[in-house]
Number of protein chains: 2
Amino acid sequence: MKLSTKGRYGLKAMVDLAIHSQDKHIALRHIAERQDISEHYLEQLIAVLRKAGLVKSIRGAQGGYSLAVPPEEITVGDILRALEGSLAPVDCVSENVTTECAEWDCCVTRTVWKKIGDKINEVVDSITLQDLIKDYEKLNNDKEYMYYI
Amino acid sequence: MKLSTKGRYGLKAMVDLAIHSQDKHIALRHIAERQDISEHYLEQLIAVLRKAGLVKSIRGAQGGYSLAVPPEEITVGDILRALEGSLAPVDCVSENVTTECAEWDCCVTRTVWKKIGDKINEVVDSITLQDLIKDYEKLNNDKEYMYYI
DNA sequence: TTTAATTCCTACTTTTATAGTCGGCTTTTT
DNA sequence: AAAAAGCCGACTATAAAAGTAGGAATTAAA
């Protein structure tokens, strides 16, 4: 039940982007360096986020990325589901059920998976990028040591 | 963020065992057949459950397994954590933190993972095997078609 | 007392997903 | 023209999951 690096790196990158790209756009290289992620790998992740409509890009020299919509309109759920697919613990309770399970609607354990999946979505959909930016700024103002993303 | 077959098969097997082993003990072969799981593979899973103190075994001919404690004292969380390890979405918020993360206590995204992990544990710890047995029996009495585990 | 049924144990194998790496093309600014 | 970016597809290495295989130990029943 672990999140892959896609989700972990992706959320970090998005928070980094949200914090550093106010009005301007920033190069992937800078995000990769700050968050200590392979730039080439991050490239693949941000391509997914771009196709999901969460970030936009400007090509060419001095190009880079910025959020496609304001941070208060992007939830952690949007980011994680874009990168990880459904967050349901088993396929038969995914939003878009693709599985071929004969026991679909009459299976006792399925109710357990459903409850878990619902709660996960509830949590991640209740947190926006703006919330995380606020956390970051508040913590870095209050404390003497540095907070990470 | 998917549960592995360990957790899925394990929970199914435990519910099957809870339903069929009232007073008696039942052979793994029967559970494997009913739940359509490789017997040899299930053997490995139940070994973990036995070591976790959730089931007990009787060896030899006519031997088999039964619950080590009453079904109302076994939660889904007990079973899943035994088989899957911590249900935390990332290591740094596991119960027994083993990870070496320099940003441990000053990382914004960590709060997200913590909330997810807490909710997952909340759900699975609130459901006992007895609850699932009840679900199963109620559904099979009410409906004309058969419910699965 | 042998046989059959069962749990127990260790090691091996196959498949799949993850987590990258590599190299080159395209676009845009300087 | 050159440099700095993003864009794209293919390849690779590692690890984990999911299962197989084979046999030893234990016990009930014939």
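Every chain is numbered from 1 and lettered A, B, ... according to where its sequence line falls, protein lines coming before strand lines. Given the structure is predicted, the values throughout are model-derived calculations rather than measurements.
Across the protein-nucleic acid pair, B/Glu84 atom CD and D/dA18 atom C1' stand 12 Å apart, rounded to whole Å. Here the P atom of nucleotide C/dT18 and the NZ atom of B/Lys2 are 10 Å apart, to the nearest Å. Rounded to whole angstrom, the span from the CG atom of B/Leu28 across to the P atom of D/dT26 amounts to 19 Å. The distance from atom CD1 of B/Ile37 to atom C1' of D/dG19 is 12 Å, rounded to the nearest whole Å. Atom OH in A/Tyr41 sits roughly 14 Å away from atom C1' in D/dA13 (whole-Å rounding). When rounded to the nearest whole Å, the span between NE2 of A/His25 and P of D/dA5 equals 10 Å. Rounded to an integer number of Å, the gap from B/Glu33 CD to C/dT6 C1' is 14 Å. Whole-Å rounding puts the A/Glu43 CD to D/dG9 P distance at 12 Å.
The nucleotide whose nearest atom lies closest to any side-chain atom of B/Ser57 is, among D/dA28, C/dC8, C/dT21, C/dC8. Of the candidates C/dG20, D/dG6, D/dA18, the closest approach to any side-chain atom of A/Thr5 belongs to C/dG20.
Side-chain atoms of B/Arg59 and base atoms of D/dA25 include a donor and an acceptor less than 3.5 Å apart. For A/His40 against C/dG23, a side-chain-to-base donor-acceptor contact under 3.5 Å is present.
Counting non-hydrogen atoms under 4.0 angstrom, A/Ile46 reaches nothing in the nucleic acid.
The phosphate of C/dA19 has OP1 or OP2 within less than 4.0 Å of a side-chain N or O from A/Ser4. Remark: B/Arg29 is in phosphate contact with C/dT6, judged by side-chain N or O atoms under 4.0 Å from OP1 or OP2. At least one side-chain nitrogen or oxygen of B/Arg50 sits closer than 4.0 Å to the OP1 or OP2 atom of C/dC8. Taking 4.0 angstrom as the limit, A/Tyr9 places none of its side-chain polar atoms (N or O) nearer than this to OP1 or OP2 of C/dA19. The phosphate of D/dG19 (OP1 or OP2) has no side-chain N or O of B/Ser38 nearer than 4.0 angstrom. Here B/Tyr65 reaches the OP1 or OP2 of C/dC8: one of its side-chain N or O atoms lies under 4.0 Å away. Neither OP1 nor OP2 of D/dA18 sits under 4.0 Å from any side-chain N or O of B/Lys6.
With A/Glu84 contributing its side chain and A/Ser4 its backbone, the two residues share a donor-acceptor pair below 3.5 Å. With B/Lys2 contributing its side chain and A/Ala88 its backbone, the two residues share a donor-acceptor pair below 3.5 Å. Between the side chain of B/Ser57 and the backbone N or O of B/Tyr65, no donor-acceptor pair lies under 3.5 Å. A donor-acceptor pair under 3.5 Å is formed between the side chain of A/Arg110 and the backbone N or O of A/Cys92.
Toward the 5′ end of DNA chain D lies the nearest nucleotide of A/Gln44, the other residue of the pair B/Gln62 and A/Gln44 mapping further downstream.
Rounded to the nearest 0.5 Å, atoms CD1 (B/Ile37) and NZ (B/Lys12) are 7.5 Å apart.
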